[in-house]
Student: 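One structure follows; several queries about it will come next.
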Amino acid sequence: MTAAWWVLPVAYALDRLLGDPRWLPHPVVGMGKAISRVEAALRRLFAPRALRGAGVLLPLTVVGGSYGLTWALLWLLAQVNPWLAALGEAALIWTTIAAKGLRDAGMAVCAPLLRGDLPAARQALSMIVGRDTDHLDAPEITRGAVETVAENIVDAVVSPLFFALIGGAPLAMAYRAVNTLDSMVGYKNERYKELGWASARLDDAANYIPARLTALMLVAAAACLRLKAREAWRAVRRDASKHPSPNSGYPESAVAGALGIRLGGENSYGGQTSFRAYMGEKRRELEPHDIPKTGALLMAVSGAFVVIAAALQFMLSWAGVAW
């Protein structure tokens, strides 16, 4: 657990106020460079038939290195001043969460949709999804934005906060390394099906509990925001397991039920069409305002998690219980 109960609220406040400023070097950039270098080294050292075994070394090196470097930095700061270490921990946790950035990315799609500017909306959507966007109409653009924001409530917010709660900045940074590895090498294509398998499995395991916790919190948030909480719970129970990802179906189905819409359907990737199982029931057509509603659910869940976590830490600290 983090050193002080106020560390997570400060980290979250920094994200809400500043997001990911471009002038600030981001650890994920360094992780990406490290992943590329370790991958290149493993490909040089191991024959193609041995890459599956080498796939275990990739997350061990990158995730272990991220944890160790973060721990060492905080230890050095603590030798100078414990308050400096606590502030440093808050700053590091800030870099692992992206609530503001995720909401803003969704609104960047919503704004041109509301103006009727479909080319600009398609362009904004293409920045946050992997699917082809060139020929999408307004409801499909909206679906892409809602699905992306909903899915990433776990990866970008709840999971890093969850790991920060139980292991401070080192574990939050290790999670961010896991997530970055999955985004870079966790593919079942010819290049990465051997070297990237362990990274993909580790990401699935890391998000298992946070994804299900997120679904429960989304149901509660739907009730607080006067959305369809019962429909959200029904959609989670019925549809979450239909998603090809073991985790993504939980936030997506909860959001679909809360808004009374249907997510999923046909997507095109590089000209190849694939079908993703439906989440929720189609009670109405998707509309641009569903994007800020999803953003409101995101902020309600993230804010509630931080408040609950800080209260838990404060009570344990007050009771003199070490974690």
Side-chain angles (χ1 to χ4, degrees), residues 1-21 24-32 34-35 59-78 82 84-102 152-184 199 202-214 217 247 251 298 301-314 316-317 323:
M1 183 175 281
T2 48
W5 67 267
W6 49 265
V7 167
L8 278 185
V10 169
Y12 182 68
L14 287 170
D15 176 71
R16 290 293 299 267
L17 290 171
L18 302 175
D20 295 321
L24 184 68
H26 202 284
V28 169
V29 176
M31 291 175 187
I35 291 167
L60 279 176
T61 303
V62 176
V63 177
S66 298
Y67 184 96
L69 287 173
T70 305
W71 184 91
L73 175 59
L74 292 175
W75 183 85
L76 289 172
L77 291 176
L84 183 62
L87 290 172
E89 187 162 29
L92 288 168
I93 293 171
W94 164 35
T95 67
T96 68
I97 57 180
K100 182 179 185 298
L102 182 56
N152 283 285
I153 294 173
V154 178
D155 292 13
V157 185
V158 175
S159 282
L161 287 172
F162 174 81
F163 287 105
L165 172 63
I166 62 176
L171 199 57
M173 201 65 71
Y175 168 78
R176 184 51 62 207
V178 169
N179 193 243
T180 305
L181 271 166
D182 183 62
S183 68
M184 291 182 65
S199 298
L202 183 59
D203 185 75
D204 289 342
N207 287 310
Y208 186 88
I209 293 175
R212 287 147 182 81
L213 180 60
T214 299
M217 296 187 72
N247 299 313
L298 154 69
V301 167
S302 60
F305 187 98
V306 170
V307 169
I308 293 169
L312 174 63
Q313 290 177 301
F314 179 80
L316 290 175
S317 176
W323 188 327

Student: Write down the atom of F305, the atom of F162, and the distance for their closest heavy-atom approach.
Tutor: CZ-CA, 3.6 Å

Student: Where do R212 and N247 come nearest, in terms of heavy atoms and distance?
Tutor: NH1-OD1, 2.9 Å

Student: Do you know which two heavy atoms are closest between P160 and V154, and how far apart they sit?
Tutor: CD-O, 3.8 Å

Student: Taking atom CD1 of I209 as the centre, does the number of heavy atoms from other residues, nucleotides or ligands within less than 6.0 Å exceed 12?
Tutor: no

Student: Measure the spacing between OG1 of T95 and CG of D15 and express it to the nearest 0.5 Å.
Tutor: 10.0 Å

Student: Taking the side chain as everything from C-beta on, heavy atoms only, tell me whether T214 gets closer than 4.5 Å to M217.
Tutor: no

Student: Measure from the side-chain N and O atoms of W94 to the backbone N and O of G19, and report whether any donor-acceptor pair falls under 3.5 Å.
Tutor: yes

Student: Say you draw a straight line from CG of D20 to NE2 of H26; how long is it, rounded to the nearest 0.5 Å?
Tutor: 4.0 Å

Student: Among T70, L69, L92, which residue satisfies the side-chain contact (heavy atoms from CB on, under 4.5 Å) criterion with P170?
Tutor: T70

Student: Distance check, rounded to the nearest 0.5 Å: S66 atom OG versus L171 atom CG?
Tutor: 11.5 Å

Student: Between V306 and L161, what is the shortest heavy-atom contact and its length?
Tutor: CG2-CD1, 3.8 Å

Student: Identify the heavy atoms of V157 and I97 that sit nearest to each other, and give their distance.
Tutor: O-CG2, 4.1 Å

Student: Report the distance from atom NZ of K100 to atom CG of L17, rounding to the nearest 0.5 Å.
Tutor: 9.0 Å

Student: Would you please test F163 and T96 for side-chain contact (heavy atoms from CB on, under 4.5 Å) and show each step?
Tutor: CA-CA 10 Å; F163 287 105; T96 68; over 6 Å; no

Student: OG of S199 to CG of L60: how many Å apart, nearest 0.5 Å?
Tutor: 9.5 Å

Student: What's the separation between atom OG in S317 and atom CG in L312, rounded to the nearest 0.5 Å?
Tutor: 11.0 Å

Student: Between the side chain of S302 and the main-chain N/O of L298, is any donor-acceptor distance below 3.5 Å?
Tutor: yes

Student: The test is side-chain contact (heavy atoms from CB on, under 4.5 Å); show your working for L181 and M31 and say whether it passes.
Tutor: CA-CA 8 Å; L181 271 166; M31 291 175 187; over 6 Å; no

Student: Yes or no on side-chain contact (heavy atoms from CB on, under 4.5 Å) for Y175 and D155, after CA distance, side-chain angles and deciding distance?
Tutor: CA-CA 9 Å; Y175 168 78; D155 292 13; 3.8 Å; yes

Student: Please name the pair of heavy atoms, one in P210 and one in A206, separated by the smallest distance, quoted to 0.1 Å.
Tutor: CD-O, 3.4 Å

